[in-house]
Amino acid sequence: MTADFSLPPLPKPQATSAPGRNIDPAALALQLLRPIDAQALPPGQQASAEVVRSAPQDNQFALLLRIARQDGQGTLEVPVSSRQAVPEGTQLAVQLVNQTRLLAVVQALAGSAGEPELPITRLDPARFPPDTPLSLRVLSQQPMPDAQRFELLARVLQGPASGSTVSLQSERALEPGTLLQARVGTQGELRLTTAAEQQRQLALALGLRDTLQQQAPAERLLQGLERLASDPSTPQTLLPAIRQVLMHAPGIAQLSTEAGVAQAIKQSGLFMENNLAMLANALKNRPAVQAASAGESTVQLPPLSKLVPLLAGLSTPPGAEPLPGADFKITLVNLLISLQQHLPPETLKMLALPTGPWQQPVIAKPGGFPLPSRALQALGETTDLGGLLRLAAALLARIQHHQFQSLGQTQSFADGSSQTVWQLDLPMRDGPQQFSHVQVRIQRDDSPPTPRQPEPVPRWEVRLAFSLGELGNLQAIARLYKGSVSSEFWAEQPSTVRLLDEELGQLRDRLLAKGLSVGELSCRQGSPPAPRQAVQQRWIDEVT
């Protein structure tokens, strides 16, 4: 992996002081020039600040402070006035006294006498443990003799060694004043993100949190729809949407074949947005039809209100290639629309989804598997249209959470390696009005290409999580690499572990009959460790 940041020794530039009287190193009273800035400073809390501009003005001194936000989201520039001169570069600890006044304590005086502090050239793991967030501001840059790299000096605004300077080498030019948000890597490297990537990660985190709080598995919805489908009082206009959803719960026989499993995965809803984009491109790129009157070629796409029920009604026979967009998620969207059309507006207002089954806000991160089977509270066993509407929305949130999990764990690295994850639910019919589901997580790891092996062989890992009635909760993990497969089973009940252990010989024989080389097969009690995550994240790797 090629790093474009390093930390060589670099002399610290001379700092210049602002004119005026000597500064009192104990404390300063600062006047806020914009009272609205007080809203960004929590009362009673200290924040780190740096004087970035200092100039005399009307027997006082106009200062511009750059204050590190307490939430770690960058910095805030606040203009203040001071009766004393404060040199540019001075580090302060500020605290809000009232809506117009700050109390500041000098932490490091710019240009002070004594031995100058040398810039940091290596990150001490004891001082900068892995995953430590850092905010830095570029102070200066100059090209190196080879004219291909730049020497940078940056000041730490927030985190360990706040106020210290860091010496960097970069392949990219960064103007003085540029704000860098970084985290410390496992090898002491800095990992910087672009603004666009920070926004993507924030949107991903919010999506994971919200969908996890609202999600519920498919069983209760499918059972309710099954009863509703056989109820003579059900509106006839609602039956097509109900039957379309029930068709996406295949039986055990279909999921016992390779073609059946492949079709169920394709129609799980995980790929709906991508398939709709492919469908739109196919319609736009189809052979143009010449308009008889104007002689122009046009392609008219149907409106979304007509496209959704159209795709939901496209049933695919078992074993056939499903059409793009005709999947479980689109049928759920169509069911939601149909249920809303059969409920009065005042009822819809009363069906606002609760925040979720957790009393406190949850923290959801990529790598959560399997998902908890918590249904929304206060629904009871009702099969009225309002209750089914909320269950359908909860199941849609569960599919979306799997999509967020897949995006959050799929990443590419600077050395050419990559990790791709697909995470989904497969609803399944166990019998008359009996439903369950299997959670699936598929991970593919591709190593970086080499001259000897330009197309490396991927490593595969498949995880299944399900419940088999009296056998309890089970998880199965299969790993495949270069034709060699290994597997491990995890069960909560000791009797289930003994039963599985007796069947391992038959499983080995069936795998050998498929032409595979079989490694270790094992059964254990309990739950397996969390899925392995690549050490690197979506950072631009910058070595310190």
Query raised in the report: Is there side-chain contact between Leu222 and Pro427, with at least one heavy-atom pair below 4.5 Å?
Result: yes
ask   = Is the shortest heavy-atom distance from the side chain of Asp430 to the side chain of Phe435 under 4.5 Å?
value = no
Between Thr234 and Leu228 (side chain of the first, backbone of the second, donor and acceptor by atom type, cut-off under 3.5 Å), is there such a pair?
yes
Smallest heavy-atom separation, Ile252 atom then Ser256 atom, equals O-OG, 2.7 Å
Without hydrogens or angle criteria, can the side chains of Gln403 and Glu273 be said to hold a donor-acceptor pair below 3.5 Å? yes
Value for CG (Leu468) from CG (Asn473), rounded to nearest 0.5 Å, stands at 9.5 Å
| task | Please assess Gln493 against Leu471 for the test side chain to side chain contact (heavy atoms under 4.5 Å, CB included), listing each intermediate value before the final yes or no. | result | CA-CA 7 Å; Gln493 302 179 15; Leu471 297 180; 5.7 Å; no
Those residues at least two apart in sequence (or on a different chain) that pass side-chain hydrogen bond (donor to acceptor under 3.5 Å, both in side chains) with Gln244 are Asn334
What one should report as the nearest heavy-atom pair of Phe328 and Val245 is CE1-CG1, 3.7 Å
Next on the checklist: Counting only heavy atoms from other residues, nucleotides and ligands, does the tally under 6.0 Å from CZ of Arg508 exceed 12?
Outcome noted: yes
- Query: Have Ser268 and His402 got a donor and an acceptor in their side chains that come within less than 3.5 Å?
  - Reply: no
| With distance as the sole test, does Gln214 use its side chain to make a donor-acceptor pair with the main-chain N or O of Leu396 at under 3.5 Å? | no
Next on the checklist: side chain to side chain contact (heavy atoms under 4.5 Å, CB included), that's the test. Do Leu204 and Phe404 meet it? Break it down for me.
Outcome noted: CA-CA 7 Å; Leu204 179 65; Phe404 282 124; 3.7 Å; yes
- Message: Side chains of Arg398 and Gln400: any donor to acceptor distance under 3.5 Å?
- Response: no
*asked:* Side chains of Glu219 and Gln223: any donor to acceptor distance under 3.5 Å?
replied: no
Whether Asp501 side chain and Val497 backbone form a donor-acceptor pair below 3.5 Å = no
**OP:** With side chain to side chain contact (heavy atoms under 4.5 Å, CB included) as the test, would you mind laying out the steps for Trp460 and Arg444 before giving the verdict?
**Re:** CA-CA 5 Å; Trp460 293 91; Arg444 170 176 171 155; 3.6 Å; yes
Those residues at least two apart in sequence (or on a different chain) that pass side-chain hydrogen bond (donor to acceptor under 3.5 Å, both in side chains) with Gln475 are none
Quick one: does any side-chain atom of His437 pair with a main-chain N or O of Leu426 as donor and acceptor, under 3.5 Å?
no
**Q.** Side-chain donor/acceptor of Ser230 to backbone N/O of Arg227, under 3.5 Å
**A.** yes
* Asked: Counting heavy atoms not belonging to Gln453, are there more than 12 under 6.0 Å from its CD?
  -> yes
* **Polar side-chain atom of Thr410 near backbone of Val421 as donor-acceptor pair, under 3.5 Å** => yes
Here the gap from Lys365 atom NZ to Leu212 atom CG, rounded to the nearest 0.5 Å, amounts to 13.5 Å
In terms of heavy-atom contacts, Pro458 and Asp446 come closest through CB-OD1, 3.4 Å
In this structure, CD1 of Ile330 is separated from CG of Leu276 (nearest 0.5 Å) by 5.0 Å
In Arg441, Gln443, Gln419, the residue satisfying side-chain hydrogen bond (donor to acceptor under 3.5 Å, both in side chains) with Gln409 is Arg441
Looking only at heavy atoms, the pair that brings Ser233 and Asp231 closest together is OG-OD1, 2.9 Å
Heavy-atom nearest pair, Leu388 first then Gly224, reads CD2-CA, 4.0 Å
Residue pair Leu239, Gln236: steps toward the side chain to side chain contact (heavy atoms under 4.5 Å, CB included) verdict
CA-CA 5 Å; Leu239 287 176; Gln236 293 297 310; 3.4 Å; yes
Rounded to the nearest 0.5 angstrom, the CG-CG distance for Leu221 and Leu395 is 6.0 Å
key: Heavy-atom side-chain contact between Leu464 and Phe489 under 4.5 Å   = no
Any sub-3.5 Å donor-acceptor pair from Gln439's side-chain atoms to Phe369's backbone N or O?
no
Problem set entry | Student check: side-chain heavy atoms of Ser417 and Asp445 closer than 4.5 Å | no
Checklist entry - Would you call Asp327 and Lys266 a salt bridge, using N to O less than 4.0 angstrom? => result no
Within-4.5 Å side-chain heavy-atom neighbours: Trp422 and Val440: no
Notebook entry, point to check: Is any NZ, NE, NH1 or NH2 atom of the basic residue among Arg463 and Glu461 found under 4.0 Å from an Asp or Glu carboxylate oxygen of the other?
Noted result: yes
Atom pairs and distances, side-chain donor-acceptor, residues 517-531, under 3.5 Å, sequence neighbours left out:
| residue | atom | partner | partner atom | Å |
| --- | --- | --- | --- | --- |
| Ser522 | OG | Arg524 | NH1 | 2.9 |
| Gln525 | NE2 | Glu492 | O | 3.3 |

Here the pair of heavy atoms bringing Ala392 nearest to Leu335 is CB-CD2, 4.2 Å
Interatomic distance, CG@Asp425 vs CG@Leu270, rounded to 0.5 Å, equals 10.5 Å
d(Lys514 NZ, Arg510 CZ) to nearest 0.5 Å is 8.0 Å
Item to check | Side chain proximity check, Leu238 to Ile242, heavy atoms < 4.5 angstrom | outcome: yes
Self-check item: Check: Arg479 and Val485 side chains under 4.5 Å, non-hydrogen atoms
Solution: no
* Flag the pair Arg429 and Glu226 as a salt bridge only when some basic side-chain nitrogen lies within less than 4.0 angstrom of an acidic carboxylate oxygen. => yes
- Taking the side chain as every heavy atom from C-beta outward, state whether Ile399 and Thr211 have any pair of such atoms under 4.5 Å apart. no
